[in-house]
Amino acid sequence: MTHALRVDAVPAREVERPADVADAAPLHYAGLVTRTIAFVVDAALVDAIAAALGVAAAAVIALLHVSDDTKTVLAAVGGVLFALWAALYFIVFWSTTGQTPGNRLMRIRVTRSTGELLRPRQAIVRLVALVAAIVPLGAGVVPILFTRHRRALQDFAAATVVTQVGADAQAAVARVPAGHSPRRA
Amino acid sequence: MSNPLDSALKLAVRTVTDGVAAERRARDGLARSAERRALQTLDAVIGSRFAAEAVDRVVTSALVERVLRRTLASRLVETTAADLVRYEVVERVSEQLLSAGTLENVLTAAEAADVPQRLADRMLADRIAEQVAARVLDGPELERIVAAALESPGVDRIVDRVVDSPRVEQLVGRVIESHLVDAVVAQLLESDDLWLLVDEVANSPAVTRAIGQQGMGFADQVAGVVRRRSERADARLERAANRLVRRRPNGEQAPP
């Protein structure tokens, strides 16, 4: 295992750009720090929206004088809704544009290793794998430091890569319609 | 003893002299009398209503108008002007007027007679001042004068002197320390028109677009800095990780 990691220890390989953002300039795979910042931005956004909705819901519930048992049930429902919201956030963005708002800020993009956008099922697999990678104190993302294409556990699980996007290509990505799955040139 | 011939000659000379003097006195008296009569006649002519009416008829006649028009249309004007210039008539007359003090006397008399005040009143009453101001503002002359003044180094000197003047500094300080500024600001803040203007400006598409672009530009700049630093951190972190892997005790060599 260690040997395999060292063999893959090639920093920032240049690859061909996907067809939807095709031009002559090569792309780089995104590193651990860049991806972590993008994820933190996304998490903050998800939490902020959820917190705002939660406060509004709590205010309404406070006016209704519901019982404690009902509050407990509502809290559980809120938890489920939060998990659903967070999952939908990543799944929708990954499978439609390949970029969450955090990714867009850091100008990185999640695609399949063939350059296509993720299918929803692939996005779900990637999200589950992402949780699995983070739970053991982030051990699942350590391979980014050593693998050839800077891939983490979720990338291996869903056969995806995270690439950097230039300013011009970023504008092209923003114009990609939802559901569009371009092929590599 | 005098000679009888000499006496006769002296008598003749005296007689002739007396005669000439008598003739001169008589001629002077006649001349003065003729002058008086002529002036009296002239006064009578000028004062008569016939003369006034004759003058009016002459002035209002088409003949005078035609004569004037033809005179002005002819080369007489140019010739006269050329002669005036050639013989320096204006300069000579001006020099004479100035050296004799005539102009000063005229100005003093005019001032004593309140001529400037009356002229100003008349101009204001006849709206001449407004017409002149409108003409100056509409015409290109004012623009040329302002442009020339702005390009002149004298304006810079004047502005420098005014700005550097301690008097102006004191004046500005007094204005700021006075209640005038506070009162003006208070009145402005109480004015509904001001807030209407502020709302109008704040809601104008140009302003909102400019603020949005500025905000987006700033955010993009910050994001760019974060991206560059994160990319450097990525490379640094991976170098450190690779060094760590190479130092493993099993001694395996990293690929080139």
Side-chain angles (χ1 to χ4, degrees), chain A residues 1-14 26-42 44-45 99-109 138-139 141-152 161-171 174, chain B residues 185 188-256:
Chain A
M1 180 66 184
T2 304
H3 177 73
L5 286 177
R6 286 196 295 106
V7 168
D8 285 336
V10 179
R13 292 278 179 88
E14 292 179 355
L27 278 181
H28 295 274
Y29 292 100
L32 178 60
V33 177
T34 303
R35 291 171 63 167
T36 302
I37 293 173
F39 182 76
V40 168
V41 171
D42 287 328
L45 197 56
Q99 283 186 309
T100 61
N103 290 354
R104 188 174 170 78
L105 179 72
M106 299 307 292
R107 290 195 181 154
I108 58 176
R109 190 182 190 206
V141 299
V142 172
I144 293 174
L145 298 173
F146 303 103
T147 55
R148 182 183 177 190
H149 292 165
R150 289 177 165 175
R151 298 173 83 179
V161 290
V162 182
T163 53
Q164 294 177 343
V165 183
D168 296 337
Q170 179 62 68
Chain B
V185 171
L188 276 175
L189 292 176
E190 289 173 1
S191 166
D192 293 335
D193 293 335
L194 173 68
W195 297 113
L196 282 174
L197 177 65
V198 170
D199 287 342
E200 193 70 25
V201 172
N203 292 326
S204 69
V207 172
T208 51
R209 194 164 51 245
I211 293 172
Q213 285 177 352
Q214 195 174 14
M216 290 297 292
F218 178 70
D220 200 42
Q221 198 175 355
V222 172
V225 172
V226 172
R227 278 194 295 270
R228 282 193 295 275
R229 292 191 176 185
S230 72
E231 286 168 15
R232 283 200 294 269
D234 285 337
R236 206 170 296 158
L237 190 61
E238 287 179 12
R239 280 198 298 272
N242 287 324
R243 280 200 299 270
L244 188 66
V245 171
R246 289 189 190 101
R247 285 191 204 116
R248 288 180 68 83
N250 58 12
E252 292 178 356
Q253 297 297 314

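A, B, ... follow the sequence lines: proteins, then strands. Residue 1 opens every chain.
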Nearest atoms (heavy-atom pairs only) where B:Leu194 meets B:Leu188: CD2-O, 3.0 Å
Closest non-hydrogen atoms of A:Gly31 and A:Ile144, given as atom of the first, atom of the second and distance, are C-CG2, 4.0 Å
Considering all heavy atoms, the nearest A:Val41-A:Gly102 contact: CG1-CA, 3.8 Å
Contacting region of A:Ile37 [heavy-atom separation from chain B under 4.5 Å]: side chain
Distance from A:His149 atom NE2 to A:Thr163 atom OG1, nearest 0.5 Å? 11.0 Å
For B:Ala223 and A:Leu105, the nearest pair of non-hydrogen atoms, with its separation, is CB-CD1, 3.5 Å
For A:Ala38, check side chain to side chain contact (heavy atoms under 4.5 Å, CB included) against everything at least two apart and list the hits. A:Asn103, A:Met106, A:Ile108
Measure the CZ-CG distance between A:Phe146 and A:Leu32 for me, rounded to the nearest 0.5 Å. 10.0 Å
Which heavy atom of A:Gln99 sits nearest a heavy atom of A:Arg109, and at what distance? CG-CG, 3.9 Å
Listed by residue number, which members of residues 225-232 of chain B have a heavy atom under 4.5 Å from any heavy atom of chain A? B:Val226, B:Arg227, B:Ser230, B:Glu231
Suppose a student defines contact as a heavy atom less than 4.5 Å from any heavy atom of chain A. Which residues in residues 195-211 of chain B would they list? none
Measure the CZ-OH distance between A:Arg151 and A:Tyr29 for me, rounded to the nearest 0.5 Å. 8.0 Å
If only atom types and distance count, is the side chain of A:Thr147 paired as donor or acceptor with the main-chain N or O of A:Pro143 below 3.5 Å? yes
